[in-house]
2 protein chains.
Amino acid sequence: MRRKAGSLVPLELSILEAGIELVVRGAPYFHGFLIAKEIKEREDARLLTAHGTLYKALDRMQKAGLLESEWENPIAAAADGRPRRRLYRVTAAGEAALATARAPERVGATLKPEAGSVTA
Amino acid sequence: MRRKAGSLVPLELSILEAGIELVVRGAPYFHGFLIAKEIKEREDARLLTAHGTLYKALDRMQKAGLLESEWENPIAAAADGRPRRRLYRVTAAGEAALATARAPERVGATLKPEAGSVTA
DNA sequence: CAAGAATAGGAAGATATCTGCCGTTTGTCA
DNA sequence: TGACAAACGGCAGATATCTTCCTATTCTTG
């Protein structure tokens with residue numbers, strides 16, 4: 001799909017939004033599974049199918065500097081009797097990217113009538 | 001199904017056999033997933049469906065004293081980048097139960113010729 | 001503008017354990 | 001012998017992350 005540097009795909013937008021909201025609600029971090037449930041609720045979507053899509057997006061975003069992460073302390077996970085999580089935080093760059101991506105929503109919004117009314 | 005104390009269901013037999021063989025082959029412990037794959041090869045079976053059956057059997061056998069287990073060190077699991085395992089060992093009681101269960105195999109083994117040689 | 005390169009998304013499975021529900025089977029007791 | 005209770009086995013899903021393969025989409029370049 002060859003991305004234009006700096007642009008965000010819908011899933012990335014969702015991740016940033018959900019991630020920021022989770023943190024605002026008091027969580028210092030968020031992890032993939034949590035985000036998956038969060039997004040599922042909002043978008044109702046069956047996106048991320050087996051979560052593969054989501055984890056790849058998280059990776060990608062971290063490499064792009066929009067997120068930073070660290071592995072949860074294995075002892076803590078063990079104490080809770082569940083698999084270890086990878087804990088993410090939205091970086092300043094991530095917040096900026098979200099803001100930038102949101103603003104242009106009005107630029108170029110030329111009310112294009114979805115060409116395609118004339119069948120073939 | 002109401003079990004007669006001391007008897008072993010086929011799955012338990014398989015677990016004990018596979019468990020002992022794995023240890024003989026040099027592994028100090030074995031874990032559920034491993035046993036599942038081991039049994040799948042031998043019996044080819046799609047038993048243990050989602051492994052639920054297997055884990056319940058392992059639990060049951062531990063309570064009966066045929067197996068003993070301990071959680072793997074979470075740090076070790078983390079270092080290997082995989083979920084923690086529960087490490088099992090066959091106890092002396094387990095080996096004895098296997099021997100006892102195997103012996104009666106000859107009693108009543110009347111060489112029944114698997115009726116069905118006449119092709120319909 | 002068309003063709004090619006690159007990447008996003010979907011499907012599936014590996015890794016590991018456990019819980020709940022339901023149906024079937026089996027042992028025991030009346 | 002018949003009926004009940006208990007337990008076993010199968011199915012499904014929760015918890016969490018990652019990889020591979022294939023398809024679809026989009027950007028860029030000629």
- Item | Pairing residues for B/S7 by the side chain to side chain donor-acceptor pair (under 3.5 Å) criterion, not counting sequence neighbours | B/R3
- Connected-component partners of A/W71 among ILVMFWY, side-chain separation under 4.5 Å: none
- What's in the same ILVMFWY side-chain cluster as B/Y29, cut-off under 4.5 Å, chained through other members? B/L87
- Look at the side chain of B/V9 and decide which nucleotide, out of C/dA16, D/dT15, D/dG9, has an atom nearest to it. D/dG9
- A/P28 and A/R89: which non-hydrogen atoms are nearest, and at how many Å? O-CG, 3.6 Å
- A/K37 side-chain N/O to D/dA14 phosphate OP1/OP2 under 4.0 Å: no
- Between B/E12 and A/K56, who's closer to the 5' end of DNA chain D by nearest nucleotide? B/E12
- Note on the structure: Sequence neighbours excluded, the answer for salt bridge (charged side-chain N to carboxylate O under 4.0 Å, His left out) partners of A/E21 is A/R25, A/R42
- Item | side-chain contact (heavy atoms from CB on, under 4.5 Å) against A/N73, all qualifying residues, sequence neighbours excluded | A/I75, A/A76
- Message: Rounding to an integer number of Å, can you tell me how far A/L87 CG sits from D/dT15 P?
- Response: 16 Å
- Neighbours of DNA chain D within residues 58-82 of chain A, by heavy-atom distance under 4.0 Å: A/W71, A/R82
- Item | side-chain N/O A/Y55 vs D/dT17 OP1/OP2, d < 4.0 Å | yes
- How far does NE2 of A/H31 sit from NZ of A/K37, to the nearest 0.5 angstrom? 6.5 Å
- Query: Using a cut-off of less than 4.0 Å, is there contact between a side-chain N or O of A/R84 and OP1 or OP2 of C/dA16?
  - Reply: no
- Should A/R85 be listed as having a side-chain N or O under 4.0 Å from OP1 or OP2 of D/dA16? yes
- Query: Does B/F33 have any ring pair (Phe, Tyr, Trp, His ring centres under 6.0 Å) partners at least two apart in sequence or in another chain, and if so, which?
  - Reply: B/H51
- Task: Round to a whole Å and report the spacing from CG of A/L54 to C1' of D/dT15.
- Result: 14 Å
- Task: Measure the distance from CG on B/L8 to P on C/dG27 and round it to the nearest whole Å.
- Result: 14 Å
Exercise answer: donor-acceptor pairs, residues 56-64 of chain A side-chain atoms, under 3.5 Å, sequence neighbours excluded:
{"unit_1": "A/R60", "atom_1": "NH1", "unit_2": "A/E12", "atom_2": "OE2", "d": "2.8"}
{"unit_1": "A/Q62", "atom_1": "OE1", "unit_2": "A/S69", "atom_2": "OG", "d": "3.0"}
{"unit_1": "A/Q62", "atom_1": "NE2", "unit_2": "A/S69", "atom_2": "OG", "d": "3.1"}

- Message: For DNA chain D, which residues of residues 15-35 of chain A approach it to below 4.0 angstrom with any heavy atom?
- Response: A/H31, A/G32, A/F33
- NE2 of B/H51 versus C1' of D/dG13: gap in Å, rounded? 14 Å
